[in-house]
Amino acid sequence: MPRRGKRPRRGAAEPEMEASSGKRVKATKTGTVNKPVIEAETSDSPKKDLTTIECGNEPSGYWLMKSEPESRLEKGVDVKFGIEDLRAQPQQTACWDGVRNYQARNFLRAMKLGEKAFFYHSNCKEPGIAGLVKIVKEAYPDHTQFEKDSPHYDPASKKDNPKWSMVDVQFIRMTRRFIPLSELKVHHQAHKTSGGPLENMALFTRQRLSVQPVTQGEFDFVLSLEDKESS
DNA sequence: GCCAACGTTGGC
DNA sequence: GCCAACGTTGGC
């Protein structure tokens, strides 16, 4: 995150591993907007749960997380972290650090163990959904906010009250084919007229959010595209 | 608390 | 590399 989205980095939950690190962040990812205009939820206030707002009433339990699969330096650090990088991690697990947007952070905090997310490739040649991951550790403080050399260092955040959170995600599988943004967009446009499942997809309505909720209908529809021709 | 300026995201 | 979209900052 961070900047964008994600940024998962290397090691995951256990405290141990390497400390420093590198990549990440952006968070890819991060962020997501428009429509229903959900409030910006800026800040730490407990206020309402965006997830709830967004999906009607129950959290969907599905998410979309953006990360950059191509190298890009941020403060001298390469934030590249594509799905192949996740696969290459020990246990195919990584922490999703670097998210520095309150809405995205709040979605991270709403994630529950075992929930699934689309791993989305952003800011690259071919943006789109590359695979599926699951949440294997719920939100905990993002250590990069305290690291001066991190691209996502936040001098305003204190250890006794961390502003930013991350979760750990584990690779589940690649999608049977890459599902490009361009294709999803065609469906989104059509669904706006026809009332189909992608009509309000956050990927289009909240375009800059690096961590966003996905409804059951959206999740099922997107996965149904896996076995269809790429049009 | 408004809102203009600014910075970032991320598709193209 | 451009630039639209949009979140954040900070003066007032």
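By convention in this document, chain letters (A, B, ...) are assigned in the order of the sequence lines, proteins followed by strands, and residues within each chain are numbered from 1.
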Between [atom2] on [N] and [atom1] on [X], what's the gap in Å once rounded to a whole number?
| X | N | atom1 | atom2 | value |
| --- | --- | --- | --- | --- |
| A:Leu184 | B:dC12 | CG | C1' | 16 Å |
| A:Leu203 | B:dG10 | CG | C1' | 11 Å |
| A:Phe204 | B:dC12 | CZ | P | 9 Å |
| A:Lys185 | B:dG10 | NZ | P | 13 Å |
| A:Arg100 | C:dG7 | CZ | C1' | 16 Å |
| A:Tyr102 | C:dT8 | OH | P | 8 Å |
| A:Lys75 | B:dG7 | NZ | P | 15 Å |
| A:Asn123 | C:dG1 | CG | P | 13 Å |

- Heavy-atom count around A:Lys125 NZ within 6.0 Å, excluding the residue itself: above 12? no
task: Classify the angle between the aromatic ring planes of A:His188 and A:Phe204 as parallel (below 30°), tilted (30 to 60°) or perpendicular (above 60°).
output: parallel
Return no unless some side-chain N or O of A:Tyr120 is found under 4.0 Å from OP1 or OP2 of B:dG11.
yes
Check whether A:Phe219 forms a cation-pi arrangement with A:Lys116 (NZ or CZ under 6.0 Å from the six-membered ring centre, at most 45° off the ring normal). no
Set out, in order, the CA-CA distance, both residues' side-chain angles and the distance that settles side-chain hydrogen bond (donor to acceptor under 3.5 Å, both in side chains) for A:Asp78 and A:Ser71, then state yes or no.
CA-CA 6 Å; A:Asp78 191 355; A:Ser71 288; 2.8 Å; yes
Taking B:dG11, C:dG7, C:dA5 as options, the one with an atom nearest any side-chain atom of A:Gln207 is C:dA5
